[in-house]
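Worksheet for the structure shown next.
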Amino acid sequence: NRNRDNRVAAGHSAAVVSGALSAHPRRRRCRGGNGSPPRPHSGLALRVRVAVAITGPDADAARDILMADGHDVQQDPQAGACDLVVVDEWTPETAPVVQDARRRGVPVTVLAEMILDRAGGPVVGITGTAGKTSTARALSDLLESARVPHAISRTARSSNAWPDHSLAEGTTEGTVLIAELTSTHLCHMRRVHPDVAVITLIRPDHVELHGSLAAYRAAKRRIVGEQDSSDAVVLPADDPETLECVGPVAAATWWFGDADPGWLGAFTGNDTMVLRDGHGEIRVAAPLPPGPGRRALAAAAAAALALGVDRTLVARGVPRVQPVAHRLAPHKHARGVTIVDDSMAATPLKAMEGIAAVAAPGAGAPVIIVGGDDCLGGVAVHRAPEEEQILERAVRAARSAAGLLVTFGPAAARVRAYCTPDLECADIHAALAVGISSAPPGGVVLIAPMFPMRPDERMAVAQAAD
């Protein structure tokens with residue numbers, strides 16, 4: 001179905017969409033199958049006992065939704081029998097609370113599933129090993145430019161676009177809900193059925209959260225598993241590894257990539273982006289430099305086309321897309337040094353993309369800062385053999401590209417296993433100070449951690465550029 005025009009996501013007619021989507025039929029509920037009656041806000045047809053195994057604003061939102069539907073909500077999942085357990089979106093599949101629930105045959109869910117169930121308009125679900133947040137934010141910018149009502153989280157942790165408490169009130173008919181869905185959303189969701197699914201790429205990652213690479217890949221594939229021919233999926237045309245992992249899809253396919261194969265979707269080449277739907281194509285100057293940001297923009301543009309937004313409106317919005325904070329964001333320092341803040345690159349794969357973008361041929365060798373925490377929630381990261389291989393490649397790429405390689409934090413020891421850095425620092429503050437002072441005038445300092453950084457550490461990077 002490479003050349004099928006599928007501007008019918010969520011039951012839309014093939015009419016060109018510009019502005020509100022309220023004239024289009026109400027979408028299917030995410031949890032119900034075709035023809036299912038509407039469910040309560042929690043998506044639970046029967047009143048049950050629910051254990052909320054999280055705290056904070058998201059827990060409060062989940063509790064409010066569940067109690068409004070009359071469910072018996074308790075805080076401790078171990079305190080007596082329960083029929084459903086609500087966990088945090090970062091809870092590993094291997095966590096005791098999840099394993100215990102599964103042994104007892106008790107389903108597990110996350111707040112994101114309740115939010116998607118309450119959506120009154122089309123849902124765009126975005127997943128992938130990298131590029132999720134950038135794609136989600138770019139799609140928001142494109143829909144804003146086209147004056148298409150939409151909702152996206154601005155308050156989720158680490159600046160992600162995960163569905164959180166800010167979206168708990170639900171969305172109205174005709175409003176597009178943009179949902180970044182990580183693997184630990186998808187593995188806990190009982191049913192997943194976005195109207196438009198976007199998969200940016202799939203590589204080994206977060207294996208420690210799922211117990212195996214196969215489980216991680218299975219979680220990612222869930223985003224398309226319940227789609228049918230009335231839905232749409234956006235896939236990378238130039239990424240055979242991802243396409244092999246995804247396998248056959250039932251939804252109509254839209255594509256994105258760095259080269260144009262002549263299919264429906266959005267494709268970048270040199271400094272031009274091609275936007276193609278079933279009625280024609282249009283070319284527009286690509287505003288972002290080559291690299292992960294431009295690929296994310298192409299994925300977002302393809303998603304907008306799949307929703308039915310007219311290609312001329314998408315083209316008009318392309319130059320208005322803003323870079324994502326902490327993702328290859330350049331800042332000028334008073335010393336004449338450019339600080340490239342890629343502190344959201346918490347995996348080796350993301351860091352390699354940033355290194356490749358900054359260490360362009362003919363450019364001076366940058367100062368590269370790598371490090372962070374080697375554990376997340378008490379679980380060691382990047383420890384699976386497949387991830388260790390990518391980590392080794394990323395570290396060696398940083399060593400090869402850097403004029404000065406600086407490491408910091410507990411993860412410095414992991415970096416040292418594959419190369420000898422020039423300097424090791426206790427924390428990001430010391431690493432920034434030595435990196436900026438060591439860079440020549442006009443030079444570049446790239447923060448590409450490869451490991452998780454705390455919000456205050458990313459804030460330190462932003463403040464160093466002020």
Side-chain angles (χ1 to χ4, degrees), residues 1-9 12 14-19 21 124 126 128 130-132 134-148 150 176 178 196-201 232-240 242-243 251-324 327-328 330 353 356-357 360-361:
N1 56 1
R2 287 175 178 165
N3 292 302
R4 174 182 167 190
D5 182 12
N6 182 60
R7 291 194 291 184
V8 291
H12 299 335
V16 170
V17 174
S18 60
L21 303 179
V124 180
I126 302 170
K132 298 182 296 294
S134 297
T135 300
R137 299 294 182 206
L139 178 58
S140 176
D141 288 344
L142 292 174
L143 296 184
E144 185 72 24
S145 176
R147 298 186 179 180
V148 173
H150 66 283
V176 177
I178 303 172
V196 178
V198 181
I199 299 178
T200 57
L201 84 163
V233 60
V234 176
L235 297 172
D238 51 1
D239 186 351
T242 294
L243 297 179
T253 308
W254 294 74
W255 304 90
F256 73 94
D258 294 332
D260 181 8
W263 304 339
L264 299 179
F267 309 94
T268 60
N270 297 322
D271 295 323
T272 301
M273 178 175 290
V274 178
L275 304 172
R276 182 179 297 110
D277 58 22
H279 302 281
E281 66 179 50
I282 190 170
R283 296 177 182 270
V284 61
L288 301 177
R294 185 179 288 186
R295 283 188 67 85
L297 174 55
L305 294 172
L307 278 168
V309 181
D310 182 76
R311 64 185 181 280
T312 60
L313 295 177
V314 178
R316 187 185 305 167
V318 164
R320 304 178 185 181
V321 172
Q322 298 297 311
V324 174
R327 194 67 177 101
L328 282 176
E353 292 177 337

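What's counted below: heavy atoms across the whole structure, side chains too, no hydrogens, waters or symmetry copies. Since we're looking at a predicted model, the values are computed, not measured.
For Thr312, the side-chain hydrogen bond (donor to acceptor under 3.5 Å, both in side chains) test picks out Asp310, with sequence neighbours left out. Asp141 is linked by a side-chain hydrogen bond (donor to acceptor under 3.5 Å, both in side chains) to nothing, counting only residues two or more places apart in sequence or in another chain. Judged as a side-chain contact (heavy atoms from CB on, under 4.5 Å), and not counting sequence neighbours, the contacts of Ala299 are Thr135, Val198, Phe256. Residues satisfying the side-chain hydrogen bond (donor to acceptor under 3.5 Å, both in side chains) criterion with Thr268, sequence neighbours excluded, are Asp258. Remark: Arg283 engages Glu281 in a salt bridge (charged side-chain N to carboxylate O under 4.0 Å, His left out) (not counting sequence neighbours). Judged as a side-chain contact (heavy atoms from CB on, under 4.5 Å), and not counting sequence neighbours, the contacts of Pro261 are Ala237, Trp263, Phe267. Annotation: side-chain hydrogen bond (donor to acceptor under 3.5 Å, both in side chains) contacts of Ser145 (sequence neighbours excluded): Arg320.
Shortest non-hydrogen contact noted between Leu275 and Arg311 is CD1-O, 3.8 Å. Residues Val234 and Ala302 come closest through the heavy atom pair CG1-CB, 3.7 Å. Considering all non-hydrogen atoms of both residues, Trp254 and Gly265 come closest at CE3-N, 3.8 Å. Taking each heavy atom of Leu142 and Gly317 in turn, the nearest pair found is CD2-C, 3.5 Å. Among all heavy-atom pairs drawn from Ala315 and Pro319, the shortest one is O-CD, 3.3 Å. Considering every non-hydrogen atom in both Val314 and Ala301, the closest pair reads CG1-CB, 3.9 Å.
Between atom OG1 of residue Thr253 and atom CG of residue Leu235 there is a gap of 5.5 Å, rounded to the nearest 0.5 Å. To the nearest 0.5 Å, atoms CD1 (Ile126) and CZ (Arg137) are separated by 10.0 Å. Going from atom OG1 of Thr242 over to atom CG of Leu201 covers 4.5 Å, rounded to the nearest 0.5 Å.
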Can Arg295 and Asp238 be said to form a side-chain contact (heavy atoms from CB on, under 4.5 Å), step by step? CA-CA 11 Å; Arg295 283 188 67 85; Asp238 51 1; 3.0 Å; yes

Verdict with reasoning, Arg294 to Val321, per side-chain contact (heavy atoms from CB on, under 4.5 Å): CA-CA 10 Å; Arg294 185 179 288 186; Val321 172; over 6 Å; no

For Leu139 and Val176: C-alpha separation, side-chain torsions, deciding distance, then whether side-chain contact (heavy atoms from CB on, under 4.5 Å) applies. CA-CA 10 Å; Leu139 178 58; Val176 177; 5.7 Å; no

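Side-chain contact between Val124 and Leu307 is present, with heavy atoms from C-beta onward closer than 4.5 Å. Side-chain atoms of Leu264 and Leu305, non-hydrogen and from C-beta on, never get closer than 4.5 Å to each other.
At least one donor-acceptor pair under 3.5 Å links the side chain of Thr200 to the backbone N or O of Ala130.
Residue pairs meeting the salt bridge (charged side-chain N to carboxylate O under 4.0 Å, His left out) criterion with at least one partner in residues 259-270, sequence neighbours excluded, are Asp260-Arg276.
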